[in-house]
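Working notes, structure below.
We name chains A, B, ... by the order of the sequence lines, and we start the count at 1 in each one.
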Amino acid sequence: AQTVTQSQPEMSVQEAETVTLSCTYDTSESDYYLFWYKQPPSRQMILVIRQEAYKQQNATENRFSVNFQKAAKSFSLKISDSQLGDAAMYFCAYGQGGSEKLVFGKGTKLTVNP
Amino acid sequence: DAGVIQSPRHEVTEMGQEVTLRCKPISGHNSLFWYRQTMMRGLELLIYFNNNVPIDDSGMPEDRFSAKMPNASFSTLKIQPSEPRDSAVYFCASTDPGQLRGYTFGSGTRLTVV
């Protein structure tokens, strides 16, 4: 079974600085998708960014970008110019191609200090 | 689009009572998921439907839990009888065919069983 590991239960960053959240996954499949979700205190789960495994180019969404290392099975999230509103739990998720199921990591709590 | 709509947002009930959680997915999404979130276990997939048909219910913890999707715009998750260990946040999510845009989550139902 696929597993997703987020090794950093908590991280903190100064406002306007850059922070990287780590995620590794375990799979023997070649067709899959990876996601980062944000869960602020409101508890709403919000999709931040999505990466298809067959794409070599790292996905980018404004201040959010990923470093996708397929051979290492690593999928880290970089947040640039951190803002107070970025404070949240961040979840990494894996989805196998052809299946709609997602497997989530345990999450990383990000604190943004003013 | 109003997004995925869940009700109620909060539910407090006594042990032994029946609890019904409700979800309206996004129109056009053909897959619907029920997840449970706790501090100890993170996000766990309970069951998911594709085109209103249950595909995988292996995450349903026991027979006290049941889920239905009578049509494309409505699903319920029922717990009968409820127990204190069922206390958690229950999320409903939906996705389009091929999961091109990832899941869209509802705002969740916080269930407290006393």
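Neither A:Y33 nor A:Y90 shares a network with the other; the hydrophobic side chains, linked directly or stepwise wherever heavy atoms of I, L, V, M, F, W or Y lie under 4.5 Å apart, form separate groups for each. Under the 4.5 Å side-chain heavy-atom criterion for ILVMFWY residues, a single connected hydrophobic cluster contains both A:V48 and A:L110. Hydrophobic clustering (ILVMFWY, side-chain heavy atoms < 4.5 Å, transitive): A:V112 and A:V19 are in one cluster. Note on A:V13 and A:L84: same hydrophobic cluster, where clusters join Ile, Leu, Val, Met, Phe, Trp and Tyr whose side-chain heavy atoms are under 4.5 Å apart, directly or indirectly. A continuous path of ILVMFWY side-chain contacts below 4.5 Å connects A:F75 to A:F64, so both sit in one hydrophobic cluster.
Checked against a 6.0 Å centroid threshold, the rings of B:F105 and A:Y37 count as neighbours.
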For residues 43-51 of chain B, dump all side-chain donor-acceptor pairs below 3.5 Å to protein atoms at least two apart in sequence or in another chain.
{"unit_1": "B:E44", "atom_1": "OE1", "unit_2": "B:R36", "atom_2": "NE", "d": "3.3"}
{"unit_1": "B:E44", "atom_1": "OE1", "unit_2": "B:R36", "atom_2": "NH2", "d": "3.4"}
{"unit_1": "B:E44", "atom_1": "OE1", "unit_2": "B:R41", "atom_2": "NE", "d": "3.4"}
{"unit_1": "B:E44", "atom_1": "OE2", "unit_2": "B:R41", "atom_2": "NE", "d": "2.6"}
{"unit_1": "B:E44", "atom_1": "OE2", "unit_2": "B:R41", "atom_2": "NH2", "d": "3.1"}
{"unit_1": "B:N50", "atom_1": "ND2", "unit_2": "B:S31", "atom_2": "OG", "d": "2.8"}

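Residue-level contacts of residues 60-76 of chain B with chain A do not occur; threshold 4.5 Å between heavy atoms.
Other members of the cluster containing A:I46 do not exist, because no ILVMFWY side chain is joined to it at under 4.5 Å.
A:K106 approaches B:M40 most closely through the heavy-atom pair NZ-O, 3.9 Å.
A distance of 15.0 Å separates NZ of A:K101 from OG1 of B:T95, quoted to the nearest 0.5 Å.
Applying the side-chain hydrogen bond (donor to acceptor under 3.5 Å, both in side chains) test to A:W36 and every residue at least two apart in sequence or in another chain returns nothing.
Other residues, nucleotides and ligands contribute more than 12 heavy atoms inside 6.0 Å of the NZ atom of A:K73.
With contacts defined as side-chain heavy-atom distances shorter than 4.5 Å, the pair B:F91/A:Q39 qualifies. Contact of the B:F33 side chain with the A:L102 side chain is not registered, since no non-hydrogen atoms from C-beta on lie closer than 4.5 Å.
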**OP:** Check the pair A:F91 / B:Q37 against side-chain contact (heavy atoms from CB on, under 4.5 Å), numbers first and verdict last.
**Re:** CA-CA 12 Å; A:F91 293 93; B:Q37 184 179 34; 3.4 Å; yes
Original post:
Do A:F35 and B:Y103 pass the side-chain contact (heavy atoms from CB on, under 4.5 Å) test, and can you show the C-alpha distance, the side-chain angles, and the key distance before you say yes or no?
Top reply: CA-CA 10 Å; A:F35 303 85; B:Y103 288 6; over 6 Å; no
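Residue contact with chain B, scored on non-hydrogen atoms closer than 4.5 Å, is absent for A:Q6.
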